[in-house]
**Student:** 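Let me give you the structure first, and then I'll get to my questions.
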Amino acid sequence: MVELAQSFGGRVKYKYQIIDAIAVRGFPARFLQSLNRDPDITFIKPDGEVHAHLKESIPIIGADVLHNPEGITGDGVKVCILDTGIDNNHPAFQGRIIWQKDYVNDDNNAQDDHNHGSHVAGIIGSGNGTYTGVAPGVLFMVGKVLGSNGTGTFSDVIAGIDDCVMNGAQVINMSLGGGSFSGACDSHSAAMASNNAVDAGVVVVASSGNSATKNAMGTPACGSKVIAVGATYDYNSGTFSWCLQRNSFGICTKSCSDSVAVDKVTCFSNGGSQLDVVAPGSITTSVKRGGGFTNMSGTSMASPHVAGLAALLLGEDPNIPPTEITQILRDTAIDLGSAGFDTSYGYGRIDAETALSALGLPTPTPTPSPSPSPSPSPSPTSTPTPTPSPSPSPTPSPSPSPSPSPSPSPPPFPSPTSTPIPTPAPTPSPSPTQCGNGVCQSGENCNTCPADCPKRTGFLPSCCGNGVCEFFEFFGCPIDCS
């Protein structure tokens with residue numbers, strides 16, 4: 001097959017192990033028809049584009065209770081993240097990145113130039129004391145398959161899956177996708193590669209997407225062996241409008257709005273018959289590229305909660321097969337929506353404590369904090385409450401700012417037609433606000449906290465934090481614009 005492609009002037013980009021296919025560049029279109037008649041060739045398809053699907057959410061799923069004193073952290077489990085890369089210098093990941101590759105720039109440095117991948121990695125396993133992820137003991141394998149704009153190609157995503165499997169990954173997370181499929185999409189190359197990875201013993205988790213379709217999702221989440229994850233709210237806070245798609249001028253062309261409540265499925269979250277579970281994915285706090293932490297929203301943020309929980313299970317029993325992990329997650333999820341499975345919540349919202357108890361481990365109980373001695377007037381402390389097509393790019397999640405929606409469903413590899421989109425979308429940050437922390441949060445604006453929320457005067461003035469995505473804010477004010 002390689003020799004045949006080269007004989008017609010094509011350059012082989014990838015020869016996959018995970019599926020019986022090659023990716024070819026520079027192939028003259030005039031030869032396609034004759035090759036399609038070759039009995040040894042199943043199909044020839046054009047490559048497709050994928051996009052990223054873009055709070056303290058860890059306590060909602062109960063993972064924090066497992067960390068201490070039980071010490072259940074997913075220690076040593078290898079989690080491969082296919083995304084925009086990772087911040088190699090962030091203290092949350094130091095000493096735990098064991099393999100990386102940049103498929104976009106063709107080198108071995110998967111440095112994040114977007115932020116989506118670092119945020120996803122932080123949810124899975126940040127080990128920083130300020131913010132701890134679901135499984136803070138995991139080892140990271142990172143494939144940069146999405147560029148600085150949060151988009152990529154299916155051929156790179158499949159190459160990433162291939163390398164994750166070949167290099168010993170136990171869990172793969174893909175917060176990205178493309179296309180729209182109303183059922184299983186196993187004939188699509190990205191889903192095919194993902195299903196084969198599961199057959200090879202790897203747990204594969206993917207975000208369902210943020211285009212608000214309740215009976216369809218993008219690939220690879222729609223693969224029948226992939227754990228497809230939708231998003232729920234992780235806070236109670238009135239009503240929000242989320243932009244799902246913007247045009248080239250930054251104007252929102254598709255949106256949805258919701259009355260917000262904990263464990264309610266978000267209006268932007270895709271659903272359907274292939275949805276397995278849901279997890280928190282709105283205003284989720286995690287790592288920020290360049291240092292510190294930030295909030296993002298989307299099914300991209302929900303998927304790594306599930307990947308982290310899978311790592312916790314494997315940390316306790318590395319011999320659990322992927323199919324059994326899928327069943328544990330389904331059986332122990334908190335049933336929401338209609339009784340039993342439904343297309344909005346799948347089997348329910350994941351619960352770490354119950355999932356771990358399915359392994360026969362003792363149910364952890366949080367250490368009670370000492371009760372304060374009576375005082376005349378105790379003062380209560382307030383608890384603080386931060387894309388385009390399939391796989392190669394993170395799936396942007398709707399939030400006060402828009403996220404690109406996935407393109408039409410792509411044909412089988414290597415021609416996926418849809419573009420994966422990052423899930424994260426800017427969302428209002430937790431309250432109470434902390435002016436001066438570098439994040440423009442809900443309740444702050446350019447007048448109440450100019451240190452965090454930029455203000456522009458003169459020609460086309462703008463005010464970050466006022467809820468309006470103004471002309472100059474599209475790239476500088478995530479709370480107003482995604």
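Numbers here simply count residues along the sequence, with the first being 1.
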**Student:** Between S269 and K214, what is the shortest heavy-atom contact and its length?
**Tutor:**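 Residues S269 and K214, closest heavy atoms: O-NZ, 2.5 Å.
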**Student:** For the atom pair CZ (R349) and CD1 (I61), what is the distance rounded to the nearest 0.5 Å?
**Tutor:**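 The CZ atom of R349 sits 8.0 Å away from the CD1 atom of I61.
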**Student:** Name the residue from S344, S208, S211 that meets the side chain to side chain donor-acceptor pair (under 3.5 Å) definition with N270.
**Tutor:**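 Exactly one pass, corresponding to S211.
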**Student:** Under 4.5 Å between any side-chain heavy atoms of K225 and D199, yes or no?
**Tutor:**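 Contact flag for K225/D199 side chains = yes.
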**Student:** Under 3.5 Å, side chain of K101 to main-chain N/O of N108, donor-acceptor pair present?
**Tutor:**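 No, K101 side chain to N108 backbone: no donor-acceptor pair under 3.5 Å.
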**Student:** Does the side chain of Y233 reach to within under 4.5 Å of the side chain of D263, using non-hydrogen atoms?
**Tutor:**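 Heavy-atom side-chain distance check fails, nothing below 4.5 Å.
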**Student:** Do you know the tightest heavy-atom contact between I172 and V202?
**Tutor:**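 Closest approach of I172 to V202: CG1-CG1, 3.6 Å.
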**Student:** Minimum heavy-atom separation for E316 to L356, with atom names?
**Tutor:**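 That would be CG-CD1, 3.7 Å.
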**Student:** T284 and M296: side chain to side chain contact (heavy atoms under 4.5 Å, CB included), yes or no, with the steps?
**Tutor:** CA-CA 5 Å; T284 303; M296 297 179 82; 6.0 Å; no
**Student:** Which atom pair, heavy atoms only, marks the closest approach of V203 to I325?
**Tutor:**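 What the structure gives for the nearest pair is CG2-CD1, 3.7 Å.
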**Student:** Below 30° counts as parallel, above 60° as perpendicular, anything between as tilted: where do the rings of H188 and F181 land?
**Tutor:**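 Geometry flag for F181 against H188: perpendicular rings.
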**Student:** Does NZ belonging to K264 count more than 12 external heavy atoms closer than 6.0 Å?
**Tutor:**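 Yes, the 6.0 Å shell around NZ holds more than 12 heavy atoms from other groups.
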**Student:** Could you check if a side-chain atom of M174 sits within less than 4.5 angstrom of a side-chain atom of P220, using non-hydrogen atoms only?
**Tutor:**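 Yes; the side chains approach each other to less than 4.5 Å.
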**Student:** Verify whether one side chain among T73 and D75 offers a donor that lies under 3.5 Å from an acceptor in the other.
**Tutor:**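 D75 and T73 do not have a side-chain donor-acceptor pair below 3.5 Å.
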**Student:** State, to 0.1 Å, how close F93 and S118 come at their nearest heavy-atom pair, and which atoms those are.
**Tutor:**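 Nearest pair, atom of F93 first, then S118: CZ-O, 3.6 Å.
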**Student:** Test D112 against T84 for side chain to side chain donor-acceptor pair (under 3.5 Å), laying out the working first.
**Tutor:** CA-CA 6 Å; D112 191 358; T84 63; 2.8 Å; yes
**Student:** Begin from the C-alpha positions of Q111 and N88 and carry the test side chain to side chain donor-acceptor pair (under 3.5 Å) through to its verdict.
**Tutor:** CA-CA 6 Å; Q111 179 64 31; N88 286 299; 3.0 Å; yes
**Student:** I need the minimum non-hydrogen distance between F240 and V260, along with the two atoms involved.
**Tutor:**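 It is CD1-CG2, 3.4 Å.
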**Student:** Please examine the side chains of I86 and I97, heavy atoms only from C-beta on, and report whether any two atoms are closer than 4.5 Å.
**Tutor:**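 I97 reaches I86 side chain to side chain.
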**Student:** Does the side chain of T332 pick up a donor-acceptor pair with the side chain of D351 at under 3.5 Å?
**Tutor:**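 The criterion, which ignores hydrogens and geometry beyond distance, is not satisfied for D351 and T332.
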**Student:** With side chain to side chain contact (heavy atoms under 4.5 Å, CB included) as the criterion, how do I328 and L313 come out once you've worked through the C-alpha distance, each side chain's angles and the decisive distance to 0.1 Å?
**Tutor:** CA-CA 9 Å; I328 289 173; L313 291 165; 4.2 Å; yes
**Student:** Are N195 and V226 close enough, and set up right, to give a side chain to side chain contact (heavy atoms under 4.5 Å, CB included), and what steps lead you there?
**Tutor:** CA-CA 7 Å; N195 287 341; V226 176; 4.1 Å; yes
**Student:** Where do D83 and S175 land on the side chain to side chain contact (heavy atoms under 4.5 Å, CB included) test, with the steps shown first?
**Tutor:** CA-CA 7 Å; D83 214 290; S175 291; 3.9 Å; yes
**Student:** Taking side chain as C-beta onward, heavy atoms only, is N149 less than 4.5 Å from H114?
**Tutor:**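 No - every pair of side-chain heavy atoms lies 4.5 Å or more apart.
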